[in-house]
Amino acid sequence: MSNNDTIPDLAPHELALLRQTIALSEESKARGRHPFAALVADEHGHIVSQAGNNSMPPEGDPTQHAELVAAALAARKLSPEQLARCTLYTSAEPCCMCSGAVYWTGIGRVVYALSEHTLLGLTGDHPENPTFSLPCREVFARGQRKVQVVGPLIEAEAAEPHRGFWQR
Ligand SMILES: [Zn+2]
């Protein structure tokens, strides 16, 4: 897919932000972490927070998924009204824990690259990442507040950092 491709529901600068999370996921892998990353940007595309995966002890812990960390950092900086206008961009679809973090921080929208279903195909039953088979839309559908979701997008690009990573 070229940079000139248009995607419904996504402004061109948003595709750039999504690609940035994929680049950050490579950096996360280079640091010895799992290849996941996320960022939160406001309605103008200004980055509020970003994070790579930090789920491996002793530096991190299993709750330190990139999306949860990025959402929590954004919630410390912005008001609820501002958060409602923000989007969380992530290299892979948020798991139910991270979808919960998006919901509870009040972030209004999620844009993801790899679907959880595709990710499950890549990670299999790897003990470090026993991926749920639970789309984030199903989690958000049970909430009282609406969260918009766009994805999956550019999955082949987003899968690249995972190639060979989860083989045992
Ligand atoms: Zn997660």
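Remember, it's 1-based here, ligands and their atoms both numbered in the order they're listed. Since the structure is predicted, the reported quantities are computational estimates derived from the model, not experimental observations. Each residue takes its place number in the sequence, starting with 1.
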> How far apart are the closest heavy atoms of Thr105 and Ala71, and which atoms are they?
Replying inline: CG2-O, 3.7 Å
>> Taking CZ in Arg145 as the centre, count heavy atoms belonging to other residues, nucleotides or ligands within less than 6.0 Å. Is the count above 12?
In response: yes
>> Can you pull out every salt bridge (Lys or Arg N to Asp or Glu O under 4.0 Å) where at least one residue sits in residues 93-115? Sequence neighbours excluded, please.
In response: Glu14-Arg109
>> Just to be sure I understand the site: which N, O or S atoms from the protein are less than 2.8 Å away from the Zn ion (ligand 1)?
In response: His65 ND1, Cys95 SG, Cys98 SG
> After noting the C-alpha distance and the side-chain angles of Val102 and Val147, does the key distance pass the side-chain contact (heavy atoms from CB on, under 4.5 Å) rule?
Replying inline: CA-CA 8 Å; Val102 167; Val147 179; 4.1 Å; yes
>> Using 30° and 60° as the class boundaries, would you call the ring planes of Trp166 and His162 parallel, tilted or perpendicular?
In response: parallel
> Do His117 and Phe132 make the cut of ring centroids closer than 6.0 angstrom?
Replying inline: no
